[in-house]
Amino acid sequence: MNLNRKEQYITLEGKTYSAADIARLSASVTTQTPPMLAELYTFLEAWFDDSPTMRVHTSGSTGTPKELIVRKEQMMQSARLTCEVFKLAKGDTALLCMPLRYIAGKMMVVRALVGELNLIVRTPSGHPLADVKEKIRFAAMVPLQVYNTLDTPKELKRLRRIDTLIIGGGPVTTQAWHKICQLPGEVYSTYGMTETLSHVALCRLNSDTSDSLTYHPLPGVKFSISPDHTLVIEAPLICDEALTTNDVATLAPEGGFLILGRRDNTINSGGIKLQPEILEAWLQFVLPMPFVFTSVPHERLGEAVVLLVEGILEIEKIRVLVEANMPKHYRCGKYIIPVRQIPLTGNGKVDRVACRELARSMFRTNVQES
């Protein structure tokens, strides 16, 4: 591992560049330069400068995006852990197909620097393997990219050649999990956030002993539960202090944990606290279209549960499916709303705040029972 920034270099598509090379490339950027490469040169210039810190931004999937200042040394320690856990070696090929404005994209570059990997760069899209000919040793994608790839035969063939794939940014649907189990390479769901500089726990999705719900910590990382039932992360190499998250969780054997949902997503309906993520899990096998649970203000209940479904649909048929497949106290009553598209953030996560505002914009200020 190369943890000395002054001696690091980046290998792109088999060609190696020093910090001085990157500065020249950055200075020669024109309107004809692919935006992804221009962003990459800008990031690398900032990486190689004298500052020990960098600015990163959260995704804003559960609130207003915010800017954080993080130490490059901690980013390198995170990258080292990933390279060691997945046994990545110098010259191994890694795919960068995620936006560089988010921590997931930035950390793929840092892993290439620290592990001396050969980075294959593609403009982020819903079809990251559309023109990738190289055999990929290590790749990271968001769920939507994986779903599209699984459903495209030519791209699925390339996906099957990836040795290790990590999936972050949201949970994997049950339908996709069944397809993932057929992949020959190792596939993991990751747990992490901008504050932890990418993932700090992994859940293997496709082995005979897989527990598709339990996340296991990376070396040196410990988890506990706060008095509010939220997950607490201790990762001294990456975070200066213990980090109390907004994720409602329970601990599992051998230091692992199960995520139940986000505390700030909790719906309090008539005194019953519900996690929309758990409600969604009940219907993963049932509803073929994208959907999400949210809430609207309700005069009697405080909040009423609402199901947003994507597309022009027959609501009564959806209601029958919901009532047949969910416990009575979880049902969403009359409030099922068809929408043109479920709101997503820039990196493919469900935008819970936008979903809530969309639902509320379609109701009166206070929903009444009819």
Discussion item. Looking at R352 and D264, is any side-chain nitrogen of the basic one under 4.0 Å from a carboxylate oxygen of the acidic one?
Written reply: no
Discussion item. Is it the case that the side chains of H199 and T82 hold a donor-acceptor pair, with the cut-off being a distance below 3.5 Å and no angle test?
Written reply: yes
Practice prompt. Apply side chain to side chain contact (heavy atoms under 4.5 Å, CB included) to C83 and M1, showing your working.
Written response: CA-CA 8 Å; C83 290; M1 299 293 166; 3.2 Å; yes
Worksheet item: Is the closest basic N to carboxylate O distance between E134 and R161 below 4.0 Å?
Response: no
Item to complete: For residues P217 and V221, report the shortest heavy-atom separation together with the two atoms involved.
Response: CB-O, 3.4 Å
Discussion item. Is it the case that over 12 heavy atoms from other parts of the model lie below 6.0 angstrom from the NE2 atom of H229?
Written reply: no
Worksheet item: D228 side chain to T230 main-chain N or O, any donor-acceptor pair under 3.5 Å?
Response: no
Practice prompt. Starting from the C-alpha separation in whole Å, work towards a yes-or-no answer on salt bridge (charged side-chain N to carboxylate O under 4.0 Å, His left out) for E316 and R319.
Written response: CA-CA 5 Å; E316 286 308 314; R319 194 186 317 282; 3.3 Å; yes
Discussion item. Any salt bridge linking R80 with E84? Criterion: basic side-chain nitrogen under 4.0 Å from a carboxylate oxygen.
Written reply: yes
Worksheet entry | Non-hydrogen atoms of L183 and N206 that approach each other most closely | O-ND2, 3.1 Å
Discussion item. Would you say CD of E67 has more than 12 non-hydrogen atoms from neighbouring residues, nucleotides or ligands within 6.0 angstrom?
Written reply: yes
Discussion item. Do P128 and M141 make a side-chain contact, defined as non-hydrogen atoms from C-beta onward lying under 4.5 Å apart?
Written reply: yes
Worksheet item: Are Y335 and V320 grouped together when hydrophobic residues (ILVMFWY) are joined by side-chain heavy atoms under 4.5 angstrom apart?
Response: no
Practice prompt. Locate the shortest heavy-atom distance separating A359 from T294; write the atom from each residue and the value.
Written response: CB-CG2, 3.7 Å
Item to complete: List the steps, then state whether side chain to side chain contact (heavy atoms under 4.5 Å, CB included) holds for I103 with V70.
Response: CA-CA 11 Å; I103 193 65; V70 300; 5.6 Å; no
Discussion item. Any heavy-atom pair between the side chains of I267 and E303 that's under 4.5 Å?
Written reply: yes
Discussion item. Any carboxylate oxygen within less than 4.0 angstrom of a Lys/Arg side-chain nitrogen, looking at E155 and R160?
Written reply: no
Worksheet item: Can you tell me if Y191 and D247 form a side-chain donor-acceptor pair at under 3.5 Å?
Response: yes
Discussion item. Please report the interatomic distance OG(S26) to CG(L37), rounded to the nearest 0.5 Å.
Written reply: 11.5 Å
Worksheet entry | Side chain K90, main chain E116, donor-acceptor under 3.5 Å | no
Discussion item. Could you walk me through whether S198 and R111 satisfy the side chain to side chain contact (heavy atoms under 4.5 Å, CB included) test, starting with their C-alpha distance in whole Å, then the side-chain angles of each, then the deciding distance to 0.1 Å, before giving a yes or no?
Written reply: CA-CA 11 Å; S198 189; R111 291 167 196 144; 2.8 Å; yes
Worksheet item: Closest heavy-atom contact between L12 and I10?
Response: CD2-CG1, 3.6 Å
Worksheet item: Are any non-hydrogen side-chain atoms of L358 and S361 less than 4.5 angstrom apart?
Response: yes
Discussion item. Looking only at side-chain N and O atoms, does N2 offer a donor or acceptor that is under 3.5 Å from a partner on E7?
Written reply: no
Worksheet item: Does any non-hydrogen side-chain atom of C203 lie less than 4.5 Å from one of H216?
Response: no
Fill in: Ring-ring centroid check Y9 Y17, cutoff 6.0 Å
no
Worksheet entry | W47 side chain vs V110 backbone, donor-acceptor pair below 3.5 Å | no
Worksheet entry | Donor-acceptor side-chain pairing of Q145 and Y147 below 3.5 angstrom | no
Item to complete: Decide yes or no for I233 and T196: does some side-chain heavy atom of the first lie under 4.5 Å from some side-chain heavy atom of the second?
Response: yes
Discussion item. Nearest 0.5 Å, please: how far is OG in S189 from CG in L202?
Written reply: 8.5 Å
Discussion item. Minimum heavy-atom separation for N265 and E277, please, with both atom names.
Written reply: ND2-OE2, 2.8 Å
Worksheet item: Between F223 and Y215, is the ring centre distance below 6.0 Å?
Response: no
Fill in: Closest contact, heavy atoms only, P143 versus G170
CG-O, 3.5 Å
Worksheet item: Stepwise, does the side chain to side chain donor-acceptor pair (under 3.5 Å) test hold for R262 with T245?
Response: CA-CA 9 Å; R262 295 276 300 181; T245 74; over 6 Å; no
Worksheet item: Step by step, would you call E186 with Y188 a side chain to side chain donor-acceptor pair (under 3.5 Å)?
Response: CA-CA 7 Å; E186 296 181 0; Y188 297 84; 2.9 Å; yes
Practice prompt. Please step through side chain to side chain contact (heavy atoms under 4.5 Å, CB included) for the pair V306 and I337, ending with a clear verdict.
Written response: CA-CA 7 Å; V306 171; I337 307 175; 3.6 Å; yes
Worksheet item: Rounded to the nearest 0.5 Å, how far apart are CD1 of I136 and CG of L129?
Response: 7.5 Å
Worksheet item: Under 4.5 Å between any side-chain heavy atoms of L96 and V109, yes or no?
Response: yes
Worksheet item: Looking only at atom types and distance, does a side-chain atom of S78 sit under 3.5 Å from a main-chain N or O of L197, one as donor and one as acceptor?
Response: yes
Worksheet item: Is the backbone of H127 close enough, under 3.5 Å, to the side chain of S125 for a donor and an acceptor to pair up by distance?
Response: yes
Fill in: Linked, directly or transitively: I225 and V232 (ILVMFWY side chains, under 4.5 Å)
no
Worksheet item: Going by atom types alone, do R158 and T149 pair a side-chain donor with an acceptor below 3.5 Å?
Response: no
Item to complete: Run the salt-bridge test on D50 and R5 with the 4.0 Å N-O cut-off and return the result as yes or no.
Response: no
Practice prompt. State the CG-CD distance between L3 and Q8, to the nearest 0.5 angstrom.
Written response: 7.5 Å
Practice prompt. Indicate yes or no for a side-chain donor-acceptor contact from D92 to the backbone of R137 under 3.5 Å, with no hydrogens or angles considered.
Written response: no
Practice prompt. May I ask you to test the D163-F138 pair for a side-chain heavy-atom distance under 4.5 Å?
Written response: no
Practice prompt. Among residues two or more places apart or on two chains, list those pairs meeting salt bridge (Lys or Arg N to Asp or Glu O under 4.0 Å) that have a residue in residues 304-315.
Written response: E314-K317
Worksheet item: Does a donor on one side chain and an acceptor on the other come within less than 3.5 Å for Q275 and T266?
Response: yes
Fill in: Rounded distance (nearest 0.5 Å) linking atom CG of L95 with atom CG of L117
12.0 Å
Discussion item. Are the side chains of C239 and E195 in contact, using a 4.5 Å heavy-atom criterion?
Written reply: no
Worksheet item: Pick from N118, T11, D21: which one makes a side-chain hydrogen bond (donor to acceptor under 3.5 Å, both in side chains) with T16?
Response: T11
Worksheet item: Salt bridge between E45 and R24, side-chain N to carboxylate O under 4.0 Å?
Response: no
Discussion item. As an exercise, state the distance from CD1 of I238 to CG of L81, rounded to the nearest 0.5 Å.
Written reply: 5.0 Å
Item to complete: For K15, look at atom NZ and say whether over 12 heavy atoms of other residues, nucleotides or ligands are found less than 6.0 Å away.
Response: no
